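All remarks here apply to the structure that follows.
When a ligand or atom number is given, it counts from 1 through the structure's own listing order. For the single chain, residues carry numbers from 1 onward in sequence order. Note that the structure is a prediction, hence the values are computed from the model and not measured. Side chains included, hydrogens not; waters and symmetry mates left out as well; all remaining heavy atoms used.
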Amino acid sequence: MTETAKLIIDGKTYELPVITGLENEKAIDIRKLRAETGYITYDPGFGNTGSCQSAITFMDGENGILRYRGIPIEQLAEHSTFVETAYLLIHGSLPTREELTNIRVVLNDQSMVHEDMQEFFTNFPSRSHPMNILSAMVNALRSFYPELMTTEELIERTMLRLLSKVRTLAAVSYKISRGHKVVYPRPDYTYCQNFLNMMFDSPVNPYIPDDDLVNALNLFWILHADHEQNCSTAAVRVVGSGRVNIYASVSAGIAALWGPLHGGANQAVIVMLEEIQKNGGDINKAVAKAKDKNDPFRLMGFGHRVYKTYDPRAKIMKETCDKVLAKLKISDPLLDSARKLEEVALKDDYFIDHNLYPNVDFYSGIVLKAMGIPTNMFTVMFAIGRLPGWISQWKESMDDPHWRLSRPRQIYIGKAKGDYLPIDER
Ligand code: CMC
C-alpha cells in the first residue's frame, strides 16, 4: 500500500503522498498542496525541503556517511583519482580503462584557453578576489564557445571543456596576479600535475611535480567533488532551471561558493587561526567568543547543516594534513592551534549540545597552505574540486522530467495597500 501523510486544515483532511528514497529517507510530496488547500509551506534556508530526486550523492548527516554514486568517500579517497571520480559523478559509474583514457585525451585537448581571455585578466583591478575573477571568466567562456548543447556529443564536450578550462583559468589568474608569465598546460602531465605546474613553474625556477603533493591534491579535489544540494549546487540548479547555459549556471555556483559560510570558510579558517595567534593563542577566548550570542563570531570550519557528527571528509583531510606536513617537513603553528581548538571545542557543552564538529574546511586550508597555494586562492581550489558535482547536478536537472523553473513563493509581511502620493504631498 502506498504510504501517505495526513494534513488537517480547518477540519478538512488532505492525504499527501510520501516518497521514499533508496536509503529509506522520507519526503512528503506537497506538489499539489497549494492547488488543493490554498496553503504553502514556510522553510527559510530550505532545511526541510527536498528540491529534487537525485541519483548522484548520498549523505547521512547523523551517521557521517558520504557516497558518490553509491561508493563510500573513504574508498574513493584511498583508490581513485580526481578525473576518475569526476567521470563517476558525471556518468554514474566508474570508467573502464578505455573510457578513462578517452576522457584524459579530451581534457588535454580542451586545456588551453583562448589567448584573448588573458586580456580580461589584466583588466581586473589588481586587488580583485580570485573567486570574483573565476566567476566572471567562467561566464565569459560562453562568448568564446557559443555552440548550443543540442546533441549528447556536444553536451559531453561542453562538460569536459569546463572541467579542463576552469583549472587553466584558475592557474592563469594566479600567474597574472603575480605579474608572471603564464604557463601553458602540458600533454604529458595528469590533471593535477598540470595544475601544480601551471601554478608554480617559472623560467627561473622549473617545477617538478612531487608525487605526494599530486596525491594530496587529487584527494583534496575528490573530497570536494560533490555534496548533494548544498548552497552552490542549489544555485547552479536554480539558475539552470531558467534553461540558461551551463557556463552561466556554474558561474552562479562559483559566486555562491565564495561566501564564508560555504566554500569561503577554508580561507576564513586560516584568517581565524592567524587572528587567534596574533592575540596570544588563547583558544578558550576564541571558543567563548563563538558561544557568545551577542557576538556574531562563529568558529570557522565548525558545524554543518547536514552533518550532526564528524564530517567524514574532515577526518580524511586531517590525516592528509598530518602526512603533507610531515613529508614537507613543515611545522606549522596554525596546525597546533587547529588541533587545540578542536580538542577544546569537542569537550565543550555548547559544541556538544549543538552537534558542532569540524567540517571539511577546518584542516583543508592548512594542507593548501603547505602546498604553497596562497590563501586567497583557497576557495578557488574548492571550486575546481566542486565542478564535477555542479556539472553532474546540472545535467541531471536538465534530464529530469519533473524539473520545473525554480520559483519559490513567499509570505508577504509588508505594508497594506496604500495610494500613490504626488511628490509635493509626501
Ligand atoms: N560556531 C558557533 N556556533 C555555531 C556554529 C559555529 N561554527 N555553527 C552553528 N552554530 C550555532 C548557531 O549559533 C546556532 O545556535 P543557536 O541554536 O543556539 O542559536 C546553532 O548552532 C545552529 O546554527 P545554524 O546557523 O542555524 O545552523 P545551520 O545549519 O544553518 O548552519 C553553517 C550551518 C555551516 C552555516 C554553520 O555551522 C556555520 O556558520 N559554520 C561556520 C562556517 C563554516 O565552517 N562553513 C563551512 C561549511 S562546510 C563546507 C560547505 O559544504 O560549504
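With a heavy-atom cut-off of 4.0 Å, R305 touches ligand 1 through backbone and side chain alike. Only the side chain of K293 comes within 4.0 Å of ligand 1, judged by heavy-atom distances. The side chain of Y350, and not its backbone, has at least one atom closer than 4.0 Å to an atom of ligand 1 (non-hydrogen atoms only; side chain from C-beta on). In L356, the part holding a heavy atom less than 4.0 Å from any atom of ligand 1 is the side chain.
Considering backbone and side-chain N/O atoms, F351 never comes within less than 3.5 Å of an N/O atom of ligand 1. Every N/O-N/O distance between D361 and ligand 1 stays at or above 3.5 Å. Residue H354 has at least one N or O atom closer than 3.5 Å to an N or O atom of ligand 1. Every N/O-N/O distance between V360 and ligand 1 stays at or above 3.5 Å. For the pair L261 and ligand 1, the shortest N or O to N or O distance falls below 3.5 Å.
What sits closest to atom 31 (O) of ligand 1 on the protein, heavy atoms only, is R298 NH1, 4.3 Å. With respect to atom 34 (C) of ligand 1, the closest heavy atom belonging to the protein is G303 O, 3.8 Å. Among protein heavy atoms, the minimum distance from atom 51 (O) of ligand 1 is reached at H304 NE2, 3.7 Å. Given atom 50 (C) of ligand 1, the protein heavy atom at minimum distance is H262 ND1, 3.5 Å. Looking only at heavy atoms of the protein, atom 1 (N) of ligand 1 is closest to L299 N, 3.1 Å. Residue, atom and distance of the protein heavy atom nearest to atom 41 (C) of ligand 1 are F302 O, 3.4 Å.
The local environment of CD1 in I208 is sparse, with at most 12 non-hydrogen atoms from other residues, nucleotides or ligands closer than 6.0 Å. Heavy atoms from other residues, nucleotides or ligands lying under 6.0 Å from OH of Y42 number 12 at most. Within 6.0 Å of the NZ atom in K26, the count of heavy atoms belonging to other residues, nucleotides or ligands exceeds 12. Within 6.0 Å of NZ on K323 lie no more than 12 heavy atoms contributed by other residues, nucleotides or ligands.
Distance screen at 4.0 Å: atom 47 (C) of ligand 1 has a protein heavy-atom neighbour inside the cut-off. Per-atom contact check: atom 26 (O) of ligand 1 does not touch the protein, criterion being a heavy-atom distance below 4.0 Å. Under the 4.0 angstrom criterion, atom 16 (P) of ligand 1 counts as having a protein heavy-atom contact.
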Q | Pair K369-D332, salt bridge (Lys or Arg N to Asp or Glu O under 4.0 Å): steps then yes or no | A | CA-CA 9 Å; K369 191 165 164 261; D332 188 341; 2.8 Å; yes
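Between E274 and K278 there is no salt bridge, since no side-chain nitrogen of the basic residue lies less than 4.0 Å from a carboxylate oxygen of the acidic one. With salt bridges taken as basic N to acidic carboxylate O contacts below 4.0 Å, none links K289 and D292. Ion pairing of D322 with R339 is present here, as a side-chain N (NZ or NE/NH1/NH2) and a carboxylate O approach within less than 4.0 Å. The pair E74-R313 does not count as a salt bridge, with every side-chain nitrogen at least 4.0 angstrom from each carboxylate oxygen.
Considering only non-hydrogen atoms, atom 44 (O) of ligand 1 lies nearest to G301 out of C231, G301, A290.
Shortest non-hydrogen contact noted between F82 and G385 is CE1-O, 3.6 Å.
Note: I391 CD1 to L160 CG = 7.5 Å, rounded to the nearest 0.5 Å.
Taking the six-membered ring for Trp and thresholds of 30 and 60 degrees, H114 and F144 have ring planes inclined between 30 and 60 degrees apart.
Close contacts between ligand 1 and A265 involve ligand atoms 43 (C), 44 (O), 45 (N), 46 (C) [criterion: under 4.0 Å to a heavy atom].
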